Amino acid sequence: MKNLRNPNQQLTIIDEQGNETLCQILFTFESEEFNKKYVLFFPIESDGDDEENIAVMAASYTEDGDGIGQLFEIEDEAEWRYLEQVLADFEDSVLAEEDEEEHHHHHHHDHEHDCCEDCEDDEDCCGECDDDDNCEDCK
């Protein structure tokens, strides 16, 4: 069991020795299947950010009205499988959103300026088109 404080989507874990670790909350949710609230989070590391290998941790929690609560370790294998699936679904939805945003940006970019390639070398070019002859923003 660990203490939980939640100001601004972060929490501080205080271990049995009194050491504090600041963590970023990925998301929280409530499970009807296990009748518990869960928080998925990761430590905020000051030495470099390796987004590909974030160690996501999970715990069930209770909270009071002051943003102070208790974290509880997950000990049941069925709960771990459930949480791993929730995390995988979350990652899939985030990747799908990023793909959609990237597609929308490129789609929007392609149709906003319908020009050709000479403009990119022009100092006055807006950077959003392919030719200053047809781009009003570049003039």
Side-chain angles (χ1 to χ4, degrees):
M1 182 168 32
K2 298 179 174 130
N3 290 322
L4 166 67
R5 285 183 281 186
N6 184 6
N8 307 326
Q9 299 298 331
Q10 294 180 340
L11 60 87
T12 302
I13 297 174
I14 305 168
D15 67 17
E16 292 79 18
Q17 291 79 36
N19 300 314
E20 295 188 5
T21 304
L22 182 63
C23 297
Q24 180 68 44
I25 295 175
L26 194 55
F27 64 93
T28 61
F29 69 99
E30 198 164 340
S31 166
E32 291 181 13
E33 182 177 343
F34 292 99
N35 198 26
K36 292 181 181 179
K37 292 181 180 179
Y38 293 98
V39 58
L40 279 80
F41 56 96
F42 57 91
I44 298 174
E45 306 283 356
S46 57
D47 56 343
D49 291 333
D50 184 2
E51 291 185 19
E52 298 297 318
N53 295 311
I54 295 173
V56 176
M57 296 182 277
S60 63
Y61 72 95
T62 60
E63 62 184 334
D64 62 23
D66 297 326
I68 303 216
Q70 296 290 314
L71 291 178
F72 300 93
E73 291 183 33
I74 310 298
E75 297 175 357
D76 181 28
E77 283 298 318
E79 273 183 277
W80 273 118
R81 285 191 299 275
Y82 172 76
L83 291 170
E84 288 170 351
Q85 185 59 54
V86 168
L87 181 58
D89 291 347
F90 173 78
E91 289 172 342
D92 289 347
S93 70
V94 168
L95 290 174
E97 284 178 22
E98 288 174 356
D99 287 347
E100 179 62 31
E101 285 177 19
E102 187 174 313
H103 174 73
H104 177 72
H105 175 73
H106 289 300
H107 182 74
H108 181 69
H109 171 82
D110 291 342
H111 293 287
E112 185 173 352
H113 298 278
D114 218 341
C115 320
C116 67
E117 299 172 5
D118 300 342
C119 183
E120 291 186 63
D121 297 327
D122 189 340
E123 290 180 7
D124 299 323
C125 178
C126 66
E128 294 292 327
C129 65
D130 297 323
D131 180 75
D132 58 354
D133 293 332
N134 294 322
C135 180
E136 294 179 13
D137 293 337
C138 294
K139 299 193 181 222

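As the structure is a computational prediction, the values presented were derived from the model and not from experiment.
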So, do Y82 and D76 sit near enough that their side-chain heavy atoms are less than 4.5 Å apart?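 No, their side chains stay 4.5 Å or more apart.
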Do V86 and Y38 come close enough that some side-chain heavy atom pair is under 4.5 Å?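 No. Closest side-chain heavy atoms not under 4.5 Å.
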Inter-residue atom distance [X].[atom1] - [Y].[atom2], 0.5 Å rounding:
X	Y	atom1	atom2	value
L11	E63	CG	CD	11.5 Å
L22	Q24	CG	CD	8.0 Å
I74	F72	CD1	CZ	10.5 Å
Y61	K36	OH	NZ	13.0 Å
E79	E73	CD	CD	12.0 Å
L71	F41	CG	CZ	5.5 Å

Taking CD in Q17 as the centre, count heavy atoms belonging to other residues, nucleotides or ligands within less than 6.0 Å. Is the count above 12?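 Above 12, so yes.
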Verify the neighbour count for atom CD of E77: are there more than 12 heavy atoms of other residues, nucleotides or ligands below 6.0 Å?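 Atom CD in E77 is not crowded, with 12 or fewer foreign heavy atoms closer than 6.0 Å.
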Show me the side-chain donor-acceptor pairs of residues 87-98 shorter than 3.5 Å, one per line, residues at least two apart or across chains.
unit_1: D89; atom_1: OD1; unit_2: Q85; atom_2: NE2; d: 2.7
unit_1: S93; atom_1: OG; unit_2: F90; atom_2: O; d: 2.8

Quick one: side-chain hydrogen bond (donor to acceptor under 3.5 Å, both in side chains) partners of K37, sequence neighbours excluded?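 Partners of K37 under the side-chain hydrogen bond (donor to acceptor under 3.5 Å, both in side chains) test: none.
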Which atom of C23 lies closest to which atom of P43, heavy atoms considered: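 Taking C23 first and P43 second, the nearest heavy atoms are SG-CA, 3.8 Å.
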